[in-house]
Asker: 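My structure is below; once you've seen it, I'll send some questions.
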Protein chains: 2
Amino acid sequence: MARKQTMDHTQLLVLSLLAGEDMYGYQMIVELARRSDHTFEMKEGTLYPVLHGLERSGAVEAYEQEAPTGRVRKYYHLTRRGAAFLKEEARAWQTYSGAVNAVLRACPALDPA
Amino acid sequence: MARKQTMDHTQLLVLSLLAGEDMYGYQMIVELARRSDHTFEMKEGTLYPVLHGLERSGAVEAYEQEAPTGRVRKYYHLTRRGAAFLKEEARAWQTYSGAVNAVLRACPALDPA
DNA sequence: AAATTATACATAGAACCACGAGGTATGTCA
DNA sequence: TGACATACCTCGTGGTTCTATGTATAATTT
């Protein structure tokens, strides 16, 4: 009966992070954890394939930039195409979560929760 | 870029349907579609394996009952154990959807949506 | 100075989950 | 009698995320 918190809607979250500013992978993981109050602890094994996929589909563009520390980081930038995709995904999330909530509201056992 | 509406959180939805009354499989599909304004059109290939899993884990119990038409239907009943599981899942959904919304709120590009 | 931790990127394999496609069968209506 | 809605079920596939692992550098601790 153990509950495993799967991410899902990963693309939506990743794109929404990049809507504010360009970020590099590691930063996105830390930021996502912070903004979600540590509900989401995305793994590298999840993030990087997603980023590469978004890059292939033209939603993001990557460029390298040296950090003050001397390390080279790979930043990702949201393209116009990616911004449009983000809006789509956000709308889909509204629909999806709204539908779940509607079903739950029809369930008497959960009101006093 | 096509958006595929995956169900996910299927167990939660199935359990919440059974919290109100006993139902049989086909009925659950119809009810879920109705309550979600047709956002969720669960497939038999999704529902029946889930129901069998819930039965194995003791969250639901099945019994057969003849319909007025003469057909025998398989009804599912939520057990006490299943009700507890439902509460857990509902809380997990609150946490999850709350976290997604928190991340989206931090995203400037989506406010005028 | 050495060891550990945090930073930073990446991939391959395993596991899970929902779906599509298909199968079986009965009741109803034209 | 043919079509359609009802009603149940399973198998194989594909997509998605995780675990595990690998590489490498900077910062911190011992």
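Excluded from the calculations below are hydrogen atoms, water molecules and symmetry mates; all remaining heavy atoms, backbone and side chain alike, are included. Here is the naming used below: chain letters follow the sequence lines, and residue numbers restart at 1 for every chain.
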Asker: With B:L104, which residues qualify under side chain to side chain contact (heavy atoms under 4.5 Å, CB included), at least two apart?
Answerer: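 With sequence neighbours excluded, B:L104 shows a side chain to side chain contact (heavy atoms under 4.5 Å, CB included) to A:L12, A:S16, A:W93, B:V100, B:L110, given in chain and number order.
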Asker: What pairs with B:R91 under side chain to side chain contact (heavy atoms under 4.5 Å, CB included), at least two apart in sequence or on another chain?
Answerer: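 None.
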Asker: Could you give the side-chain donor-acceptor pairs of residues 60-71 of chain B under 3.5 Å, partners two or more places apart or in another chain?
Answerer:
| unit_1 | atom_1 | unit_2 | atom_2 | d |
| --- | --- | --- | --- | --- |
| B:Y63 | OH | B:D22 | OD2 | 2.7 |
| B:T69 | OG1 | B:R71 | N | 3.2 |

Asker: Can you tell me how far P of D:dT17 sits from NZ of A:K43, to the nearest Å?
Answerer: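 So the NZ-P distance, A:K43 to D:dT17, works out to 14 Å.
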Asker: Partners of B:A33 by side chain to side chain contact (heavy atoms under 4.5 Å, CB included), sequence neighbours excluded?
Answerer: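 Once residues adjacent in sequence are excluded, the partners of B:A33 under the side chain to side chain contact (heavy atoms under 4.5 Å, CB included) criterion are B:H38, B:E41.
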Asker: Near DNA chain D, under 4.0 Å by heavy atom, which residues of residues 15-23 of chain B?
Answerer: none
Asker: Less than 4.5 Å apart, any side-chain heavy atom of A:M28 and any of A:L51?
Answerer: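 Counting from C-beta outward, A:M28 and A:L51 do come under 4.5 Å.
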Asker: May I have the distance from B:Y75 (atom OH) to D:dA7 (atom P), rounded to whole angstrom?
Answerer: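 About 8 Å, once rounded to whole Å.
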Asker: Compare all side-chain heavy atoms of B:L18 with those of B:M23 and state whether any distance is below 4.5 angstrom.
Answerer: yes
Asker: Over how many whole Å does the gap from A:I29 atom CD1 to C:dC9 atom P extend?
Answerer: 9 Å
Asker: For a 4.5 angstrom cut-off between non-hydrogen side-chain atoms, does A:C107 reach B:L86?
Answerer: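 In contact.
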Asker: Scan nucleotides 9-13 of chain D against the protein and return all N/O pairs shorter than 3.5 Å with their distances rounded to 0.1 Å.
Answerer:
| unit_1 | atom_1 | unit_2 | atom_2 | d |
| --- | --- | --- | --- | --- |
| D:dC9 | OP1 | B:K74 | NZ | 2.7 |
| D:dC9 | OP2 | B:H52 | NE2 | 3.4 |
| D:dT10 | OP2 | B:H52 | ND1 | 3.3 |

Asker: Does anything in residues 26-37 of chain B form a salt bridge (Lys or Arg N to Asp or Glu O under 4.0 Å)? List the pairs, not counting sequence neighbours.
Answerer: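 For residues 26-37 of chain B, and leaving out neighbouring residues, the salt bridge (Lys or Arg N to Asp or Glu O under 4.0 Å) pairs sorted by first residue read B:E31-B:R34, B:E31-B:R35.
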Asker: In this structure, how many angstroms lie between the C1' atom of C:dT26 and the CZ atom of B:R73, rounded?
Answerer: 12 Å
Asker: May I have the distance from A:F40 (atom CZ) to D:dT16 (atom P), rounded to whole angstrom?
Answerer: 17 Å
Asker: Looking at the side chain of A:Y24, which of C:dA18, C:dC9, D:dA5 is the nearest nucleotide?
Answerer: C:dC9
Asker: If you restrict it to nitrogen or oxygen atoms, what contacts under 3.5 Å exist between nucleotides 23-26 of chain D and the protein, and what is each distance?
Answerer:
| unit_1 | atom_1 | unit_2 | atom_2 | d |
| --- | --- | --- | --- | --- |
| D:dT25 | O2 | A:R71 | NH1 | 2.7 |

Asker: Rounded to the Å, how far apart are A:L47 CG and C:dA8 P?
Answerer: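 Value for this atom pair: 13 Å.
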Asker: With side chains defined as the heavy atoms from C-beta onward, is the minimum distance between B:H9 and B:Y96 less than 4.5 Å?
Answerer: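 A side-chain contact exists here, since the closest heavy-atom pair is under 4.5 Å.
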Asker: Just to verify, what does B:T46 make a side chain to side chain contact (heavy atoms under 4.5 Å, CB included) with, not counting sequence neighbours?
Answerer: B:T10, B:M42, B:K43
Asker: Between atom NE2 in B:H9 and atom P in C:dA18, what is the gap in whole Å?
Answerer: 10 Å
Asker: In whole angstroms, how far is the P atom of D:dA7 from the CD atom of B:E31?
Answerer: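 Spelled out: CD on B:E31 to P on D:dA7 is 13 Å.
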Asker: Go through the structure and list residues passing side chain to side chain donor-acceptor pair (under 3.5 Å) with A:Y75, not counting sequence neighbours.
Answerer: none
